[in-house]
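Here is the structure we will look at, set down as structure tokens.
Chain A is the first sequence line, chain B the second, and so forth, proteins listed ahead of strands; every chain is numbered from 1. Values in this document were obtained by computation on a predicted structure and should not be read as measured data.
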Amino acid sequence: MLDLKLIRKNFEYVKERLKTRGEEYARLVEEVYNLDKKKREIQKEVENLRALLNKKSKEYGRLKREGKEDPSLKEELASLKKQLAQLEEELKQLEEKLKDLLLRIPNIPHPSVPVGEDENDNVEIRRWGNPPKFDFEPLPHWEIGKKLGILDFDRAAKLSGSRFVVKKGLGARLVRALINFMLDRHTARGYEEVYVPHLVKPEILIGTGQLPKFEEDLFKCERDNLYLIPTAEVPLTNLHREEILKEEDLPIYYTAYTPCYRREAGSYGRDIKGLIRLHQFDKVELVKIVKPEDSYEELEKLVRDAEEILQALELPYRVVELCTGDLGFSAAKTYDLEVWMPSYNRYREISSCSNCEDFQARRMKLRYKTKDGKNVLCHTLNGSGLAVGRTLAAILENFQQKDGSVVIPDALRPYMGGLEVIKPPEGE
RNA sequence: GGAGGGGUGGCCGAGCGGACGAAGGCGCGGCGCUGGAAACGCCGUGUGCCCGAUUUACGGGCACCGAGGGUUCGAAUCCCUCCCCCUCCGCCA
């Protein structure tokens, strides 16, 4: 949520900055600006009227206790009350409308973010590692997985429909290994491991920005008014919502493994094969709650922490800075990590690291008290560290061998009971 | 699912329909006492929003005692609905 005061004070600036995300937001900001103006006028009236009513009501009570009841005063009070009720209703409607609009305006991109329309305008920052060269025709991961007997999309469809997967044997083991490996790495670097609920209330999703605008992307348990989390960012970032933290509590670093549930509405036909786009996938997430002045330094560190996993797994990747048009709703600045995928012959997103500044903090009233006693909104950051399914896909594709086997990266072997290679079943 | 108890400020905890943003205690900050400290004494210490002069510091107002509604001139206090927590019983991984 944007600061209303900022919209009031720097209306043109906000409008211009949001335009870099898409033309439609300028109109929204204008609407908010006008509504806010009107709202404050009415609020002033309401508060003045209520002050008067409070005063007269006390007067009436005083007289009554003295046995000098005044019927004309009582009448006056009744008419004031009626007037007030009308104005209050008007105010309430304005406030609701205003709040709803405000919740639908995305974050302002940081000045350093390149202006652009879509992913084609993203800027590559650096590369690490070299894509492998094969002296045979490399297979896509879903075929490798099928041949190894570790991925089963057909039976998953039997259970749950499209965009689900069943992992078996060493496939299931590999998932567990990756999760443990990632969590161990992150906790060693100062993140506290957290295990969170996977079902959350609507206001929690408003807090991180998924609601009200992206309802159709979420799985909802209607009966209980709970949503399945689309990422651990949601419960992790909201952990301290409506709290006023002590300055010495910051920074807070959290990491959590959770499954993530996404309806993938509007992505029909995209990435229909393989592990890239599923309704349910596993992810280890990183979340930071920090002081505003530190947040951009923390973002760089966060990216390094995610990169470290890819490096340890010897997976070639590049770091990309998202342009204004490709930026997520809550983010002020985002780096994507893209891993090399031989079957696509290009890099594909495997992590997204964002600084949301105070955008989420304002929505969830997440603050800290400074040394001189002021309450200040925290800055929140989040990043994948990493998407487990896509990591698995990248390992299968990048480490595949001519004979159909897949070499397990060194760093992962201790988590696989020392296993070095996954080989196809005998006799195939 | 059944029966009962409860949600008040950073925490504990009191609260008769007006004098209650709320006693008291703890904690925290300042000052005093002290060679220094403990103990003690005094003072201060919630959040959000609006308006006004102003660079902040200031002054005024409104709201907030789990949430929403109602009764009343007036609600933390009475009534209704909902949510959450706790205890016991049942069921259950």
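Residue whose closest nucleotide on RNA chain B sits further toward the 5' end, between A:Lys374 and A:Asn54: A:Lys374. Along RNA chain B, the nucleotide nearest A:Glu47 and the nucleotide nearest A:Gln43 are compared for position; the residue whose nucleotide lies closer to the 5' end is A:Gln43.
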Subject >> Worked verdict on A:Lys56 versus A:Glu76 for salt bridge (Lys or Arg N to Asp or Glu O under 4.0 Å) >> reply: CA-CA 9 Å; A:Lys56 296 221 168 189; A:Glu76 193 189 340; 2.6 Å; yes

Heavy-atom contacts, protein to nucleotides 67-74 of chain B, under 4.0 Å, summarised as B (base), S (sugar-phosphate only) or - (none) per nt, yield --S---BS

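Across B:G48, B:C50, B:C62, the shortest atom-to-atom separation from the side chain of A:Arg367 is found for B:G48. Nearest to the side chain of A:Arg40, among B:C49, B:U47, B:C51, sits B:C51.
At whole-Å resolution of the value, NZ in A:Lys39 and P in B:C51 are 8 Å apart. Atoms CD (A:Glu203) and C1' (B:C82) sit 14 Å apart, rounded to a whole Å.
Remark: A:Lys365 does not engage A:Glu242 in a salt bridge, criterion side-chain N to carboxylate O under 4.0 Å.
Relative orientation of the A:Tyr261 and A:His198 rings is tilted, given thresholds of 30° and 60° on the angle between their planes.
In this structure, a donor-acceptor pair under 3.5 Å is absent between the side chains of A:Tyr253 and A:Asp305.
You'll find the side chain of A:Thr380 stays beyond 4.5 Å of the side chain of A:Glu233, heavy atoms only.
Distance check, rounded to the nearest 0.5 Å: CD of A:Gln400 to NZ of A:Lys147 gives 10.0 Å.
The nucleotide B:A93 finds no pairing partner, because no Watson-Crick or G-U wobble arrangement with both distances shorter than 3.5 Å includes it.
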